[in-house]
Amino acid sequence: MTTPFAAPKGVPDYFPPNSAAFTAVRSALLGATARAGYGYIELPVFEDTALFARGVGESTDVVSKEMYTFTDRGGRSITLRPEGTAGVMRAVIEHGLDRGQLPVKLAYAAQFFRAEQPQAGRYRQFHQVGVEAIGVDDPALDAEVIAIADEGFRALGLTGYRLELTSLGDATCRPQYREKLQAFLAKLPLDEDTRRRAEINPLRVLDDKRPEVRELVAEAPLMLDNLSPETLEHYERVKAHLGDLGVKYVENPRMVRGLDYYTKTTFEFVHDGLGAQSGIGGGGRYDGLMAQLGGQELSGVGFGLGVDRALLACQVEGLAVGDATRCDVYGVPLGDAARSRLVGIGAPLRAAGVRYDMAYGGKGLKGAMKGADRSGARFALVLGERDIEAGVAQLKELATGEQREVPLADVVTEVRRALER
RNA sequence: GUGGGUGUAGCUCAGUCGGUAGAGCACUGGGUUGUGAUCCCAGGUGUCGCGGGUUCAAGUCCCGUCACUCACCCCA
């Protein structure tokens, strides 16, 4: 039971057969981005610590206490990426990707790291599929981004989630609202912790889970009621475009974001079957981020979708995702001559696109047939001395038990024909 | 950082009043010398997380410790 090594705390291992579902979820989410014209970007797992401090926000919990940060041999402070957007912005600025036609549309599937206390659906290494659309402040683009995420989840067959939507205002109306909210909160009989939170990020107080606090803030002013005319117009158009796209949503004016860079449109996909960690994806607009990181004054909008949590959601909903079978045809040799023939046949079969595996290790016939069964293969290809002399092989369909002889010379063609039926 | 729960076979878990190791699945072999899954038979399944204590005797009770897990804080 006790093994010499165990995985570091809070990191998931995905292995067969369930890893097939993991990769299927990731592919489904990434596939939705590719169908909307997003190009794939692969970035380093670690970056200069200052990039995240500046991009994500010094005052956020992510930066202040939840990053994996270390000093490399050159004395530089390095951090394992806690989220995707800052790194993408860095690459866009560094390589001048924003000098061509806008928007720049980029997608990624990557792993991220946060040194949080793990719990159900919250890992220290987690996987996200994300997009960033940079350089055009068009409400239609916000709507497209949201619709892509929704398509990804729907492609998996998920139904038990909802889309929550709000607007966080912009650089002009948010500071005004923030003051207004803080003035309101200052008059309430709040405990010390909550008062401190009200100073750092007053929006969080609105999302407090405690009933007594909820009651106190029930009448608090909301950002949605204090948007500037321009921001309100932007938000209304996003909602209209979501209608055009047939995406359903509910407004949640008390939504909380942990990252400082969000502006205007903000959204979250919430699944109710996952326990306390109910968010399966989220994102929004971040109009000041590029400039903050030393780039042009360009707007941006994007999302991050949790692959781990989407997988959990699929399991909760009982969805069969991905194909866990390892091969289509499984070779069962009887004797060394047959073994050589079946080894050799692997090359042309695989070249023809057939997934082929066989019994290795000198197993008996019974063991080899069992291997065929466990592999999930549709056919077993049985070959013995008698068959070789006759110039044939036995092709057995495992589900039905039906077996027929095929000419050894035409095995590839015969197998492909059989698989097409 | 704080609180609860759980640690027994590879996996999922039983284990009564403290009395000397259990089930299912999986795995291996056989029933079938050239046929899997189904069925029958046989078989390893083991530091009962680790350390200490109480006791004639501890998986069981007590203390400590570690790990996992759920939740709080916070959050994709």
Side-chain angles (χ1 to χ4, degrees), chain A residues 1-3 5-11 15 17-18 29 56 59-66 81-85 110-123 125-130 149 164 193-194 196-197 200-201 203-204 207-210 255-259 262 266-271 274-284 302-310 312-313 330 332-335 338 359 363-388 393-403:
Chain A
M1 181 69 203
T2 311
T3 53
F5 297 105
K9 187 182 186 69
V11 300
F15 46 87
N18 299 332
L29 298 178
V56 176
S59 69
T60 61
D61 279 43
V62 168
V63 169
S64 62
K65 60 181 188 185
E66 291 166 359
R81 57 188 174 192
E83 56 94 49
T85 305
Q111 64 285 88
F112 300 96
F113 305 85
R114 290 197 193 173
E116 300 176 283
Q117 203 56 245
Q119 66 191 67
R122 175 202 274 174
Y123 305 128
Q125 172 172 327
F126 56 101
H127 303 77
Q128 286 190 348
V129 168
E164 296 188 351
D193 274 354
T194 312
R196 198 174 311 124
R197 207 179 310 156
I200 299 168
N201 187 347
L203 289 169
R204 285 185 194 166
D207 194 45
D208 200 301
K209 292 187 181 75
R210 293 170 295 182
M255 189 188 304
V256 173
R257 299 284 82 184
L259 312 182
Y262 284 117
T266 310
F267 57 91
E268 185 166 356
F269 289 85
V270 180
H271 197 284
L274 300 185
Q277 303 303 314
S278 57
I280 55 175
F303 63 60
L305 310 181
V307 177
D308 311 273
R309 289 192 191 170
L312 288 173
Y330 192 94
V332 176
L334 289 154
K363 285 189 180 62
L365 177 62
K366 189 185 176 84
M369 285 303 294
K370 188 174 278 195
D373 189 52
R374 297 300 142 86
S375 75
R378 190 170 156 201
F379 292 99
L381 188 64
V382 183
L383 191 68
E385 305 294 337
R386 296 205 302 258
D387 300 312
I388 294 176
Q394 309 294 330
L395 189 61
K396 178 171 187 174
E397 180 150 23
L398 292 165
T400 61
E402 199 175 309
Q403 179 170 315

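The structure displayed is predicted, hence computed values, not measured ones. Letters go in sequence order (proteins before strands), and every chain restarts at 1.
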- Please measure how far the C1' atom in B/U32 lies from the corresponding atom in B/A37, and state the result in whole Å. 15 Å

- Could you check A/Q111 against A/V307 for side-chain contact (heavy atoms from CB on, under 4.5 Å), going step by step and ending with a plain yes or no? CA-CA 9 Å; A/Q111 64 285 88; A/V307 177; over 6 Å; no

- Distance-only, no hydrogens or angles: does the A/D308 side chain make a donor-acceptor pair with backbone N or O of A/H127 under 3.5 Å? yes

- Query: What distance, rounded to whole Å, do you find between the two C1' atoms, one in B/U12 and one in B/C75?
  - Reply: 32 Å

- Item | Euclidean distance for P, B/A21 against B/U16 (whole angstrom) | 14 Å

- Set of salt bridge (charged side-chain N to carboxylate O under 4.0 Å, His left out) partners for A/K65, sequence neighbours left out: A/D61

Check the interface with nucleotides 32-36 of chain B: list each N/O to N/O pair with the protein under 3.5 Å, or write none.
| residue | atom | partner | partner atom | Å |
| --- | --- | --- | --- | --- |
| B/G34 | N7 | A/R386 | NH1 | 3.3 |
| B/G34 | O6 | A/R386 | N | 3.0 |
| B/G34 | N1 | A/D387 | OD2 | 2.8 |
| B/G34 | N2 | A/D387 | OD2 | 3.0 |
| B/U35 | O2' | A/K396 | NZ | 3.3 |
| B/U35 | O2 | A/K396 | NZ | 3.2 |
| B/U35 | N3 | A/Q403 | OE1 | 2.8 |
| B/U35 | O4 | A/Q403 | NE2 | 2.6 |
| B/G36 | O2' | A/M369 | O | 3.4 |
| B/G36 | N1 | A/L398 | O | 2.3 |
| B/G36 | N2 | A/D373 | OD1 | 3.3 |
| B/G36 | N2 | A/L398 | O | 2.7 |

- Message: Treating A/R122 as the side-chain partner and A/Q117 as the backbone partner, does any N or O pair qualify as donor plus acceptor under 3.5 Å?
- Response: yes

- Query: Can you say whether the rings of A/F112 and A/F126 are parallel (under 30°), tilted (30 to 60°) or perpendicular (over 60°)?
  - Reply: tilted

- Separation between the P atoms of B/G29 and B/C63, rounded to whole Å: 48 Å

- Task: At under 4.0 Å between heavy atoms, which parts of nucleotides 69-76 of chain B does protein reach? Answer with one letter per nucleotide, 5' to 3': B base, S sugar-phosphate only, - none.
- Result: -SBBBBBB

Please set out all donor-acceptor pairs under 3.5 angstrom arising from side-chain atoms of residues 373-382 of chain A, sequence neighbours excluded.
| residue | atom | partner | partner atom | Å |
| --- | --- | --- | --- | --- |
| A/S375 | OG | A/A372 | O | 2.8 |
| A/S375 | OG | A/A377 | N | 3.0 |
| A/R378 | NE | A/E397 | OE2 | 3.1 |
| A/R378 | NH1 | A/L419 | O | 3.1 |
| A/R378 | NH1 | A/R421 | O | 3.2 |
| A/R378 | NH2 | A/R421 | O | 2.9 |

- Message: What's the gap between B/A14 and B/U60 when it is taken at their C1' atoms, as a whole Å value?
- Response: 14 Å

- Message: Distance check, rounded to the nearest 0.5 Å: A/N201 atom CG versus A/R257 atom CZ?
- Response: 11.5 Å

- Integer angstrom distance from the C1' of B/U8 to that of B/A23: 13 Å

- According to the Watson-Crick and G-U wobble definition with distances under 3.5 Å, which dot-bracket string, read 5' to 3', encodes RNA chain B, using [ ] for crossing pairs and | for pairs with another strand? (((((((..((((.....[..))))((((((.......))))).)...(((((..]....))))))))))))....

- The side-chain contact (heavy atoms from CB on, under 4.5 Å) partners of A/R210 (sequence neighbours excluded) come to A/D191, A/T194, A/R197, A/D208, A/E212, A/V213

- Message: Rounding to an integer number of angstrom, what distance separates B/A9 and B/G44 when you compare their C1' atoms?
- Response: 10 Å

- Query: Got a second to check how far A/Q403's CD is from A/L398's CG, nearest 0.5 Å?
  - Reply: 9.5 Å

- When you measure from the side chain of A/R204 to the backbone N and O of A/V256, does any donor-acceptor pair fall under 3.5 Å? no

- B/C13 and B/C48, which share atom name C1', separated by this distance in whole Å: 13 Å

- Query: Any donor and acceptor pair, going by atom type alone, linking the side chain of A/R114 with main-chain N or O of A/E66 inside 3.5 Å?
  - Reply: no

